[in-house]
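Quick notes on the structure that follows.
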Amino acid sequence: MPEQDPIRVDALVVGAGFAGMYQLYKLREAGFAVRCVEAGSGVGGTWFWNRYPGARCDVESMSYSYSFSPELEQEWEWSEKYPPQPEILRYLDHVADRFALRESIHFENRVTTARFDEATDRWEVKTDASLTFDTRFLIMATGCLSQPKAPDLPHVERFAGPTYQTGTWPDETVDFSGKTVGVVGTGSSGIQVIPVMAKQAERVVVFQRTPNFCLPSRNREFTVEEVAERKRTYREWRTAQREAGYGVPTNPPTRSALEVADEARELCYQGAWDDGDLVAMLGSYTDLLVDEDANETVSEFLRERIRETVDDPEVAEKLSPRTFPFGTKRPCLGTDYYETFNRDNVELVDVRATPIVEVTASGVTTTESQHDLDVLILATGFDGMTGALMAIEIVGVDGVTLAERWADGPRTYMGLAISGFPNLFTITGPLSPGILANVVVAVELDAEWITTCLERLRDQGIHRVEAERDAEDAWVTHVADLASQTLYPRANSWWMGANVPGKPQTFMIYVAGLRVYHDKCEEIAAEGYEGFRLTE
Ligand code: FAD
Ligand code: NAP
């Protein structure tokens with residue numbers, strides 16, 4: 001394709017998921033010349049790519065939605081507590097149309113390189129469809145979970161049947177009836193897809209390396225009264241979401257799990273289990289994520305529920321997590337997940353005990369047996385937090401690339417900016433708290449902070465803003481200090497980078513929660529962008 005003249009803008013937003021769409025809207029409202037580039041052919045991000053059967057959100061829909069437009073809130077009708085992927089994508093399509101966002105988005109353009117020009121303090125950004133942008137500010141809304149992990153099963157390419165990865169599921173109906181389907185992976189995606197497959201396919205073989213904790217979602221349709229009540233009180237609800245640590249209003253715990261009587265504790269856990277409420281379960285007591293003994297009380301409660309649900313005690317034991325404390329790997333919400341293993345057409349293969357040797361043309365071979373398959377589903381996860389950013393050749397000051405800067409793990413200031421990479425912002429970037437929370441609340445807060453920052457810089461005639469190395473170092477240390485006081489680093493999670501072979505292992509999320517974090521962001525802004533070097 002012939003090179004076109006660079007498109008000159010004030011700001012370029014990369015990614016058109018929840019974050020990029022809102023950032024585009026906010027900057028346009030603020031009067032900036034702004035464009036957005038998106039690798040996919042439509043808006044939606046996560047909800048555009050993850051079309052696998054069973055995909056749905058696990059934060060209640062009326063909370064997992066934009067708060068910026070009261071009109072949008074009133075006109076949109078969510079059908080279920082945890083709506084399926086097509087409904088969330090319809091919502092995001094509606095938002096794109098309602099706010100005329102599409103006209104500013106260049107679809108099917110994947111950013112491949114971004115170079116900072118120190119002479120002009122501007123970024124030159126190129127895409128794989130030969131577009132070039134010349135932009136003052138570059139805002140990465142590339143998502144924490146948008147770069148699927150490369151399949152790392154030996155000879156996976158040799159499988160003769162169709163192979164689907166949950167994170168890049170095709171936009172077509174796939175008929176699994178009469179088929180033997182293998183599913184590798186039992187994280188949130190696997191836990192959603194497996195029960196649906198079990199109902200559609202002839203047989204399902206689940207290859208599980210690490211069992212995960214799963215609560216029943218108790219998903220249901222909203223009543224008319226519930227919807228009316230939320231619509232009446234949306235403003236108060238949105239304020240409460242932003243005040244809450246994780247973007248979901250709850251009563252914060254006040255007591256240790258170890259200071260209450262056994263029966264009271266069981267009742268408390270049972271309440272969260274019966275409600276299908278992950279946030280309530282995680283927030284039952286003050287010390288579940290900091291004290292191993294406290295955590296063991298909830299972990300054992302959940303293992304007991306597995307034993308109660310699964311008929312075969314050996315299968316129940318295989319499904320019982322024992323290698324990490326509850327909550328230190330992203331826990332899941334499922335529908336009939338454990339019940340699925342009581343079906344005659346479902347087989348559980350523990351690939352920790354009998355590892356996968358290779359994939360062959362006809363199926364998967366473990367050290368114990370050969371499993372013939374018609375279809376292979378990889379629910380093997382993402383190169384989280386850093387994957388989408390590192391996939392772009394980003395070149396900052398003195399020709400240093402982001403890959404070089406982050407060779408030992410990501411370093412950011414507040415998860416929003418990176419020293420040596422001026423005029424570049426990341427929404428829910430590494431070392432921010434967003435992905436531990438209701439992400440929609442997190443991306444709204446970040447996009448608003450960035451918009452205000454750019455408005456103030458414009459008002460003051462400032463062309464260059466860059467995180468200072470000292471401020472960044474202090475933030476990296478603070479994030480690591482907090483994480484080390486918790487149980488989070490105990491798990492081989494994608495939050496730790498442990499799921500991708502060779503990736504540096506550091507806990508990549510700020511654990512103090514959204515409220516504390518955004519208070520700090522506001523303080524930094526109020527102090528004239530403390531920790532940033534501003535240049536006219
Ligand atoms: P994304 O939605 O990931 O969008 C990023 C976009 O950037 C993508 O469209 C991608 O194509 C584009 N992009 C990336 N790199 C480039 C490039 N180089 N050039 C051009 N475009 C690029 N969070 C919750 O809070 N609750 C949930 O219930 C929940 N469920 C989830 C279910 C699944 C299956 C997954 C994978 C994640 C889920 N999450 C959930 C997290 C979810 O990612 C966020 O809630 C939210 O959708 C993220 O929005 P985003 O805009 O930040 O990123
Ligand atoms: P994930 O949590 O990283 O799970 C990947 C699974 O694949 C794990 O069970 C992993 O085992 C297994 N696996 C990976 N490589 C393997 C290999 N080579 N051999 C055998 N097993 C292998 O990924 P995910 O399920 O896609 O979820 C990622 C995140 O997306 C979630 O944590 C959540 O934040 C979000 N999400 C949310 C929802 C929702 O309910 N709303 C749904 C889907 C995703 P190990 O654990 O042993 O590595």
Side-chain angles (χ1 to χ4, degrees), residues 46-47 50-61 79-88 162-167 169-170 173-221 273-278 281 302-303 305-312 314-321 329-351 364 371 373-381:
T46 286
W47 306 103
N50 291 263
R51 296 167 190 258
Y52 60 86
R56 55 180 73 243
C57 69
D58 65 0
V59 171
E60 186 247 276
S61 55
S79 66
E80 294 174 46
K81 193 171 176 195
Y82 303 118
Q85 170 271 333
E87 185 170 340
I88 305 171
T163 302
Y164 300 103
Q165 202 159 359
T166 50
W169 198 272
T173 307
V174 186
D175 184 7
F176 294 96
S177 51
K179 305 269 194 267
T180 299
V181 178
V183 182
V184 183
T186 52
S188 303
S189 303
I191 276 174
Q192 289 185 332
V193 81
I194 288 162
V196 182
M197 276 308 116
K199 288 189 188 130
Q200 285 183 14
E202 176 83 18
R203 277 191 68 233
V204 175
V205 186
V206 176
F207 298 92
Q208 171 193 273
R209 190 164 63 187
T210 313
N212 210 338
F213 290 102
C214 177
L215 268 66
S217 72
R218 322 276 181 206
N219 189 32
R220 58 176 176 77
E221 289 181 3
W273 175 266
D274 291 343
D275 289 346
D277 191 334
L278 262 184
M281 189 67 88
L302 292 167
R303 288 191 288 260
R305 301 288 76 69
I306 299 171
R307 290 191 286 272
E308 201 173 73
T309 312
V310 178
D311 297 340
D312 181 335
E314 267 184 44
V315 175
E317 183 49 32
K318 280 186 195 170
L319 288 166
S320 298
K329 254 187 171 181
R330 172 68 150 76
C332 311
L333 268 195
T335 302
D336 297 336
Y337 180 62
Y338 294 120
E339 290 81 350
T340 294
F341 293 91
N342 293 332
R343 296 174 65 107
D344 293 339
N345 69 335
V346 177
E347 181 184 353
L348 180 64
V349 179
D350 175 357
V351 301
V364 170
H371 300 271
L373 306 170
D374 301 313
V375 179
L376 184 59
I377 295 179
L378 301 176
T380 44

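The structure presented is a predicted model; accordingly, all values stated were derived computationally and were not measured.
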- Find out whether L302 and M281 are in side-chain contact, i.e. whether some heavy atom of one side chain is under 4.5 Å from a heavy atom of the other. yes
- Query: Can you tell me if R343 uses its side chain to pair, donor with acceptor, with the backbone of A198 under 3.5 Å?
  - Reply: yes
- Query: Going through the distances and angles, do V375 and M197 end up as a side chain to side chain contact (heavy atoms under 4.5 Å, CB included)?
  - Reply: CA-CA 11 Å; V375 179; M197 276 308 116; over 6 Å; no
- Item | Distance in Å, Y164 OH paired with L376 CG, rounded so as to fall on 0.5 Å steps | 11.0 Å
- Query: Within the side chain of S61, is there an N or O that forms a donor-acceptor pair under 3.5 Å with the backbone of E80?
  - Reply: yes
- Query: Are any of the side-chain heavy atoms of E202 and D374 separated by less than 4.5 Å?
  - Reply: no
- Note: A316 and I306 closest approach over all heavy atoms is O-CG2, 3.7 Å
- Query: What pair of heavy atoms forms the shortest contact from D350 to K318, and how long is it?
  - Reply: CB-CD, 4.0 Å
- Task: Look at the side chain of R220 and the backbone N and O of K81, then say whether any donor-acceptor pair between them is shorter than 3.5 Å.
- Result: no
- Message: Check whether R218 reaches the backbone of W273 with its side chain - one donor and one acceptor, N or O, closer than 3.5 Å.
- Response: yes
- Judged by atom type as modelled, is there a donor-acceptor pair below 3.5 Å linking the side chain of Q208 to the main-chain atoms of L319? no
- Query: Between atom CH2 of W47 and atom CZ of R56, what is the distance when rounded to the nearest 0.5 Å?
  - Reply: 9.5 Å
- Item | Whether R303 side chain and P321 backbone form a donor-acceptor pair below 3.5 Å | yes
- Item | Parallel, tilted or perpendicular: ring planes of W169 versus F176, cut at 30 and 60 degrees | tilted
- Task: Tell me, with the steps shown, if L278 and R330 meet side chain to side chain contact (heavy atoms under 4.5 Å, CB included).
- Result: CA-CA 10 Å; L278 262 184; R330 172 68 150 76; 4.1 Å; yes
- Message: What's the separation between atom CG in L373 and atom OG1 in T163, rounded to the nearest 0.5 Å?
- Response: 9.5 Å
- Gap between atom CG of D58 and atom OG of S217 - 0.5 Å precision: 9.0 Å
- Query: Should Y337 and T186 count as side-chain neighbours, where that means a heavy-atom distance under 4.5 Å?
  - Reply: yes
- Query: How many angstroms lie between CZ in R305 and SG in C214, if you round to the nearest 0.5 Å?
  - Reply: 14.0 Å
- Under 3.5 Å, side chain of N212 to main-chain N/O of P331, donor-acceptor pair present? no
- Note on the structure: On a heavy-atom basis, the closest approach of G334 and I191 is CA-CG2, 4.2 Å
- For N342 and D311, indicate whether the former's side chain and the latter's backbone hold a donor-acceptor pair under 3.5 Å. yes
- Find the distance between CD (E60) and CG (N219) and round it off to the nearest 0.5 Å. 10.5 Å
- Query: Does T166 use its side chain to pair, donor to acceptor, with the backbone of T380 at less than 3.5 Å?
  - Reply: no
- Return yes if some donor-acceptor pair links the side-chain N/O of D277 with the main-chain N/O of L215 below 3.5 Å, else return no. no
- Item | Over 12 foreign heavy atoms within 6.0 Å of CD, E308 | yes
- Message: Less than 4.5 Å apart, side chain to side chain, heavy atoms only: is that true for P195 and T335?
- Response: no
